[in-house]
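See structure below.
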Amino acid sequence: MTVQTLTTHSDLLSALGVEPVNNGAYCGEWLSTNGPEVISIDPSTGNEIARVKTATSEDYERVVSVSVEAFHEWRTWPAPRRGEIVRLVADELRKHKDELGRLVTLEMGKILSEGLGEVQEMIDMADFSVGLSRQLYGLSMHSERAKHRMYEQWHPLGPVGIISAFNFPVAVWAWNAFVAAVCGDSNIWKPSEKTPLTAVAVTRIAGRVLKENSAPPIFNLLIGDRHQVGEPMTQDKRIPLISATGSTGMGRAVGQTVAQRIGRSLLELGGNNAIVVMDDADLDLTLRAVLFGAVGTAGQRCTSTRRLFLQKGIAAEMKESLISAYSSISIGDPMDPSILMGPLVDQRAVDDMMAALDTIREQGGRVVCGGHAKTDRDGFFVEPTLVEATPDMPITCDETFAPILYLFEFDTLDEAIERHNAVPQGLSSAIFTLNMRSAERFLSVAGSDCGIANVNIGTSGAEIGGAFGGEKETGGGREAGSDSWKAYMRRQTCTLNYGEELPLAQGVEFKV
Ligand code: UN1
């Protein structure tokens, strides 16, 4: 099916096998779920797209037990063969990139370029994982004992529970699912109930590839709420790792429950990301980065720029440029290529943003641009908003998932770094400067306290090759590239004695 023929939503849905009413549980077959329906809404119109019947507790049991069985078979496949299956999934994603990108845009509301970018992020993640399938290296050590050999090896862990958020409805699944797959784990996906259709479409594609290649059902799905799926998953000892993306509140609950059973959790929670702009910065570059970071995805990325620290020499000029750029941002149908900002995900997100703006005003913040919901149309549109703020406003320590940018002024870099770090979250951060000393100071041990720190690049839009995640209340997890794969495996340290003696470590004598 070509782009041109996908003229209606129903063409798009049928190209991806999404029905008007879908089942919300998959484990090598679609189960006939009959839990309460969730309705997927197009946030740019408020209209229904399609429905999903959520999973019941019987469906839950079936999906988890199939995932355990699938794991037992899958872990015996050589890792490079597992990589080959992920490569074939990536081939299908390439074929369906356009339709899937459009479905992300339709269901979540991010502009099409970002919807397509998200599918590209899945493909990149698959390619990375294919290479990784031949690089699951362990170290070898020199034993202190003669005729002994020591090394470590990495074994698959088990079924991985993936709890993903609406804002990256498919890419964050891919970060986890593809790495877990090459590591030898099966996985169970609980997507956001706000974006169930993209999960159904992706699961159809991945499930088909597994079937066609006689691979066990490792890519499984459970759609349902916290009570139906989320809590049972976090309590379930058969699921050794829960990887969860979402709010700090959600992560705290997941982390506590998983810790109670001494399971592992990998948390990617709230961000409150800032850009520090020095007097010597390239201001054109800075402006473009701030706009993408704060307005892109309508401010609904974990990595969105929420705080901007302006050094006093350039503060007035930057504010003026920002106000003029914000006033010209095109807001509207995210499928339209001339649009830069689509809607928020739902009415609740609009209400939360308006409530945050009330609090901002009460706390002394001054809205200098935007600040309203767009009531002249259907859908959940808002204006991107600039607020002159002071560091003593408590709300600037919270993550509001909306396009609100707080502007602060500062004198010295030390002062900016101190204020930059004075929030509970620690995901992403950036400095704009052409001064090498300032850049290195920001990246130094006493600089940014975030998991991601950039120079002359905004806070959002990370590549998959790096480890993604953050410190403090962001949760400490690392996903995607680098050596994040280690979270999805268990490490085994092996010592072999090929001699005739039994020397003990640390010189201990124990003669019988
Ligand atoms: C998220 O918002 O949860 O770095 C993920 C970025 C994207 C991922 C964001 N690659 O902005």
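This chain uses plain numbering: 1 for the first residue, then up along the sequence. Just so we're clear, the structure is a prediction, and the values are computed from it rather than from any experiment. Computation of the quantities below employed the complete heavy-atom set of this structure, encompassing side-chain atoms and omitting hydrogens, waters and symmetry-equivalent molecules.
Considering only residues two or more places apart in sequence or on other chains, Asp185 meets the side-chain hydrogen bond (donor to acceptor under 3.5 Å, both in side chains) condition with none of them. Take Asn421 and apply the side-chain hydrogen bond (donor to acceptor under 3.5 Å, both in side chains) test, not counting sequence neighbours, and it matches no residue. With sequence neighbours left out, the side-chain hydrogen bond (donor to acceptor under 3.5 Å, both in side chains) criterion links Thr257 to no other residue. Applying the side chain to side chain contact (heavy atoms under 4.5 Å, CB included) criterion to Ala467, with sequence neighbours excluded, gives Arg478, Ser482, Ser484. Partners of Leu443 under the side chain to side chain contact (heavy atoms under 4.5 Å, CB included) rule, at least two apart in sequence or in another chain, are Ala453, Val455. Judged as a side-chain hydrogen bond (donor to acceptor under 3.5 Å, both in side chains), and not counting sequence neighbours, the contacts of Trp189 are Ser164. Scored by the side chain to side chain contact (heavy atoms under 4.5 Å, CB included) test, Ala201 finds Leu16, Val18, Leu100, Leu103 as partners (sequence neighbours excluded).
A distance of 8.5 Å separates CD1 in Ile452 from OG1 in Thr459, rounded to the nearest 0.5 Å.
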Review item, side-chain donor-acceptor pairs of residues 340-348, under 3.5 Å, at least two apart:
residue : atom : partner : partner atom : Å
Asp346  : OD1  : Arg348  : N            : 3.4
Asp346  : OD1  : Ala349  : N            : 2.9
Gln347  : NE2  : Asp351  : OD1          : 2.9

Sequence neighbours left out, cut at 3.5 Å: what donor-acceptor pairs do the side chains of residues 306-316 make with other protein atoms?
residue : atom : partner : partner atom : Å
Arg306  : NH1  : Gly299  : O            : 3.1
Arg306  : NH1  : Thr400  : O            : 3.1
Arg306  : NH1  : Ala402  : O            : 3.1
Arg306  : NH2  : Gly299  : O            : 2.9
Arg306  : NH2  : Arg301  : O            : 3.1
Arg307  : NE   : Asn272  : O            : 3.1
Arg307  : NE   : Asn272  : OD1          : 3.4
Arg307  : NH1  : Arg419  : O            : 3.4
Arg307  : NH1  : His420  : O            : 3.4
Arg307  : NH2  : Asn272  : O            : 3.0
Arg307  : NH2  : His420  : O            : 2.9
Gln311  : OE1  : Asp279  : N            : 2.8
Gln311  : NE2  : Asp411  : O            : 2.8
Lys312  : NZ   : Asp411  : OD1          : 3.4
Lys312  : NZ   : Asp411  : OD2          : 3.4

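Put simply, the side chain of Thr198 does not reach to within 4.5 Å of the side chain of Met108, judged on heavy atoms. In this structure the side chain of Thr303 reaches within 4.5 angstrom of the side chain of Leu427, judged on heavy atoms.
Separation of the Phe128 and Trp485 ring centroids does not fall under the 6.0 Å cut-off.
Checked against Leu106 for a side-chain contact (heavy atoms from CB on, under 4.5 Å), the options Leu12, Leu197, Leu112 give a single hit: Leu12.
Within the structure, salt bridge (charged side-chain N to carboxylate O under 4.0 Å, His left out) pairs that include any residue of residues 255-271 do not occur (at least two apart or interchain). Contacts classified as salt bridge (charged side-chain N to carboxylate O under 4.0 Å, His left out) and involving residues 238-260 (residues at least two apart or in different chains) are given here: Glu61-Arg238, Asp236-Arg238, Arg252-Glu473. Pairs engaging residues 382-393 under the side chain to side chain donor-acceptor pair (under 3.5 Å) rule: Lys319-Glu388, Arg366-Glu388, His372-Glu383, Thr390-Asp392 [sequence neighbours left out].
Here the shortest heavy-atom pairing between Ser243 and Asn176 reads OG-OD1, 2.6 Å. For the residue pair Gly370 and Val367, the shortest heavy atom distance occurs at O-CG1, 3.6 Å. Of all non-hydrogen atoms in Gly17 and Asn22, the two that sit nearest each other are O-OD1, 4.4 Å. Annotation for Glu118 and Asn167: closest pair OE1-O, 4.0 Å, computed over non-hydrogen atoms. Val254 approaches Ala244 most closely through the heavy-atom pair CG1-CB, 4.2 Å.
Checking Thr248 against Glu399 by side-chain atom types alone, no donor-acceptor pair falls below 3.5 Å.
Arg102 and Asp98 are joined by a salt bridge, as a carboxylate oxygen and a charged side-chain nitrogen come within less than 4.0 angstrom of each other.
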